[in-house]
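Worksheet for the structure shown next.
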There are 2 protein chains.
Amino acid sequence: MTARKSLSQRLLRGDLMAAACPSREVLRHVTSRWGVLVLIALESRTCRFSELRRMIGGVSERMLAQTLQWLERDGLVSRRALEVVPPHVEYSLTPLGRGVAAKVRVLADWIEENTARIADGWVAAG
Amino acid sequence: MTARKSLSQRLLRGDLMAAACPSREVLRHVTSRWGVLVLIALESRTCRFSELRRMIGGVSERMLAQTLQWLERDGLVSRRALEVVPPHVEYSLTPLGRGVAAKVRVLADWIEENTARIADGWVAAG
DNA sequence: CCTGACACTAACATTATTGTGCGTACTTAC
DNA sequence: GTAAGTACGCACAATAATGTTAGTGTCAGG
């Protein structure tokens with residue numbers, strides 16, 4: 001068994017500017033193409049696999065599964081499989097996951113609100 | 001010449017859940033591996049190319065240039081080249097860029113603070 | 001004279017990420 | 001009986017992102 005709170009947990013802080021820092025890995029999962037969207041979708045409510053697939057336009061089953069596994073390993077998403085037929089699996093955010101999801105959501109909101117402004121620059125510049 | 005404020009800018013909001021929405025593109029630039037770090041670095045101050053390169057551990061010149069160009073086209077970063085020798089180029093955030101950078105920074109802070117907790121889960125699970 | 005700094009670009013090699021199609025094992029709906 | 005839904009895993013292909021190397025032109029420092 002591991003200690004309840006490791007030394008690193010109490011003392012160390014990640015440094016994203018450092019190439020070798022593990023925080024880089026977390027960043028990649030969270031900000032991956034579908035990671036952002038999964039976190040946002042799950043922030044609203046617990047979802048099944050195929051619900052997520054329908055909610056998130058353009059995601060393939062393979063990528064959705066992959067992304068969910070990353071986030072699960074990071075302890076941000078929890079998976080609950082019901083032993084029934086047909087299979088029923090529920091994905092939800094962990095307390096930790098709710099933390100990131102909130103931040104991610106704020107960023108996503110900003111992007112949704114400002115995309116039109118940004119896209120105007122694209123057409124103006126050609 | 002384009003209209004001062006396009007219809008889309010006043011009326012439409014991006015929808016990240018829609019596969020074809022342009023907001024997806026903005027999201028990709030902002031959350032790209034180096035995009036996040038560039039925005040954070042520039043939030044603290046205007047920087048020269050090689051300063052950014054030194055600040056952001058592990059970034060190659062090619063990727064830094066690429067990322068800066070994406071963000072510049074999106075109107076988030078502005079580039080100012082002084083006509084001197086040796087070349088002197090300054091990168092800074094536009095007002096729009098300051099908007100995203102603030103949101104990105106909050107996310108990055110969260111990750112830096114919680115990476116230790118997350119990484120603990122990695123070792124525990126093996 | 002030789003090197004390094006500066007801010008890149010172009011060409012090429014290599015990963016990483018993503019997509020596609022198929023298979024699973026069972027059930028309900030048509 | 002046939003198709004579709006369920007939640008994926010696996011193999012392979014394609015595309016996107018990233019890295020590596022070399023080169024540009026000028027000038028200051030050793």
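Chain letters run A, B, ... following the sequence lines, proteins first, then strands; residues in each count from 1. Computed from a prediction, not measured in an experiment: that's the story for all the values here.
Rounded to an integer number of Å, the gap from B:H88 NE2 to D:dA28 P is 16 Å. To the nearest angstrom, P of C:dA7 lies 10 Å from CD of B:E90. Taking atom CZ of residue B:R54 and atom C1' of nucleotide C:dC6, one finds them 10 Å apart after rounding to whole Å.
As judged by a 4.0 angstrom heavy-atom cut-off over every strand, B:R53 is placed among residues making no nucleic acid contact. The residue A:Q69 sits close only to the backbone: its heavy atoms come under 4.0 Å of sugar-phosphate atoms, none of a base.
Minimum interatomic distance between A:V89 and A:A81 (heavy atoms only, all atoms of both residues): CG2-CB, 4.1 Å. Minimum heavy-atom separation, B:C47 to B:A41: SG-O, 4.3 Å.
The pair B:R13-A:E112 meets the salt-bridge criterion, since a charged nitrogen lies less than 4.0 angstrom from a carboxylate oxygen. A salt bridge does not link A:E43 with A:K103: every distance from a Lys NZ or Arg NE/NH1/NH2 to an Asp or Glu carboxylate oxygen is 4.0 Å or more.
Here A:W34 pairs with nothing under the ring-ring contact (aromatic ring centres under 6.0 Å, His included) rule; sequence neighbours left out.
Picking from C:dC6, D:dA7, D:dC8 the nucleotide with the shortest atom distance to the side chain of A:S50 gives D:dA7.
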Would you tabulate the pairs of protein nitrogen or oxygen atoms and nucleotide nitrogen or oxygen atoms of nucleotides 18-24 of chain C closer than 3.5 angstrom?
residue	atom	partner	partner atom	Å
C:dT18	O4	A:R62	NH2	3.1
C:dG19	OP2	A:S60	OG	3.4
C:dG19	O6	A:R62	NE	2.7
C:dG19	O6	A:R62	NH2	3.4

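Comparing A:P86 and A:L68 by the nucleotide of DNA chain D that holds the closest heavy atom to each, the one mapping nearer the 5' end is A:P86.
Checking A:S78 against A:S92 by side-chain atom types alone, a donor-acceptor pair falls below 3.5 Å.
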